[in-house]
Protein chains: 2
Amino acid sequence: MSENCKLSNNERLVLDVLGRETGPMSAYMILDKLRGSGFRAPLQVYRALEKLIGMGRVHRLESLNAFIACSHMSCEKIGVAAFVICERCEHVQEVCDDSVSLFLAGLAEKTNFKASKTSIELRGVCDACEKA
Amino acid sequence: MSENCKLSNNERLVLDVLGRETGPMSAYMILDKLRGSGFRAPLQVYRALEKLIGMGRVHRLESLNAFIACSHMSCEKIGVAAFVICERCEHVQEVCDDSVSLFLAGLAEKTNFKASKTSIELRGVCDACEKA
DNA sequence: ATAGATATGTTATAACATAACAATAAACGT
DNA sequence: ACGTTTATTGTTATGTTATAACATATCTAT
């Protein structure tokens, strides 16, 4: 927990940008937002993202090549989350409950697998967009 | 089913290459394998992949930016699969049973979501590699 | 045969990500 | 405080993945 609080300057800048945005952002979108703060190269963003992901403060959406701030304080303890991504409004909902962790644990057990990283993503249309 | 059988020339070539390989392949690996058959540009591969994925004959591994032939006759009816990807031996196991579809259906219901595409991927170490 | 649809070819470029190396700053024991 | 180690940052170049736009060819039904 104390580890999580120690953010480097670049890490804090990247996390702030992601925190202000409601939706997912690509690394290059983040870079553009941070040019005013002195960012010049993609690596500055990718390096910060890597650390933040390791801390559970940011998640990577594999199907989007994009990143989003964790909607909880941090997912580190839980370690697993599912993302429900609306393709109309771009809204992303993070689901992080027992059903997710139980499913993943069951799958790992069934396949005799030690998972170090997991990704669950649903793409489609959310309720609000469906009704609209 | 009859639709699935009608593969264009390029689609058949791409599926053949994927079928011969045990593991996942990137689009550019496929391209290189098919240069001898006249392929020259990435689009030839990507277009074929898009169709094959639509038919359920090929799956895209989002966390790898790679593609793999469906290990069943076709996943079209089922529509959902989970992939267990060993980072040591590159082996990919496709899991496609009720637990997967039930989990996804439950998640969609809980979030009032109409999913059109799903992705479940576990990265880690398989049993064989763990023991080795 | 021919019109409409589908598939293919080609060039260029966009979008995403990392390697390699140099420089700087922060942390720490003595 | 001092130098040493460690982590962070900066920079250039390049590698990898994916698509836009447009031209051409092939297939299919009438």
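In what follows, every chain begins at residue 1, and chains take the letters A, B, ... in the order their sequences are listed.
Counting only residues at least two apart or on different chains, the salt bridge (charged side-chain N to carboxylate O under 4.0 Å, His left out) pairs with a member in residues 103-114 of chain B are D97(A)-K110(B). Every pair passing ring-ring contact (aromatic ring centres under 6.0 Å, His included) that includes a residue from residues 81-116 of chain A is listed here, sequence neighbours excluded: H59(A)-F83(A), F103(A)-F103(B). Applying the ring-ring contact (aromatic ring centres under 6.0 Å, His included) definition to pairs two or more places apart or across chains, none involves residues 7-31 of chain B. Annotation: salt bridge (charged side-chain N to carboxylate O under 4.0 Å, His left out) contacts involving residues 121-132 of chain B, sequence neighbours excluded, comprise E87(B)-R123(B), D127(B)-K131(B).
Residue L31(A) contributes atom CG, which lies 13 Å from atom C1' of dG10(D) at whole-angstrom precision. With rounding to whole Å, L34(B) atom CG is found 12 Å from dT8(C) atom P.
Note that the CD1 atom of I53(A) and the SG atom of C70(A) stand 11.5 Å from one another [nearest 0.5 Å].
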Could you pull out the protein-nucleic contacts involving nucleotides 16-19 of chain D (nitrogen or oxygen on both sides, under 3.5 Å)?
residue: dA18(D); atom: OP1; partner: R60(B); partner atom: NH1; Å: 3.0
residue: dA18(D); atom: OP1; partner: R60(B); partner atom: NH2; Å: 2.4
residue: dA18(D); atom: OP2; partner: Y46(B); partner atom: OH; Å: 2.8
residue: dA18(D); atom: O5'; partner: Y46(B); partner atom: OH; Å: 3.3
residue: dA18(D); atom: N7; partner: Y28(B); partner atom: OH; Å: 2.6
residue: dA18(D); atom: N6; partner: Y28(B); partner atom: OH; Å: 3.3

Restricting to nitrogen or oxygen on both sides, can you table the protein-nucleotides 26-30 of chain D pairs closer than 3.5 Å?
none

Polar pairs (N or O, both sides) under 3.5 Å between protein and nucleotides 5-9 of chain D?
residue: dT8(D); atom: OP2; partner: K51(A); partner atom: NZ; Å: 2.7
residue: dT9(D); atom: OP1; partner: S8(A); partner atom: OG; Å: 3.1
residue: dT9(D); atom: OP1; partner: N9(A); partner atom: N; Å: 3.2
residue: dT9(D); atom: OP1; partner: N10(A); partner atom: N; Å: 3.1
residue: dT9(D); atom: OP2; partner: S8(A); partner atom: OG; Å: 2.9

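Defining each end axis of the helix from dA1(C)-dT30(D) to dT30(C)-dA1(D) as the rotation carrying four pairs' C1' atoms onto the next four, with five pairs an end, the two axes are found to diverge by 40° to 10 degrees.
Neither OP1 nor OP2 of dG10(D) sits under 4.0 Å from any side-chain N or O of R40(A).
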Report all side-chain donor-acceptor pairs from residues 10-25 of chain B shorter than 3.5 Å, counting only partners two or more places apart or in another chain.
residue: E11(B); atom: OE1; partner: S8(B); partner atom: N; Å: 2.9
residue: E11(B); atom: OE2; partner: S8(B); partner atom: OG; Å: 3.4
residue: R12(B); atom: NH2; partner: N9(B); partner atom: OD1; Å: 2.5

Could you go through residues 36-50 of chain B and list every donor-acceptor pair under 3.5 Å that involves a side-chain atom there, pairing it with any protein atom two or more places apart or in another chain?
residue: Q44(B); atom: OE1; partner: R40(B); partner atom: N; Å: 2.7
residue: Q44(B); atom: OE1; partner: A41(B); partner atom: N; Å: 2.9

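Residues passing the side-chain contact (heavy atoms from CB on, under 4.5 Å) test with E90(A), sequence neighbours excluded: none. The side-chain hydrogen bond (donor to acceptor under 3.5 Å, both in side chains) test applied to N112(A) returns no partner, not counting sequence neighbours.
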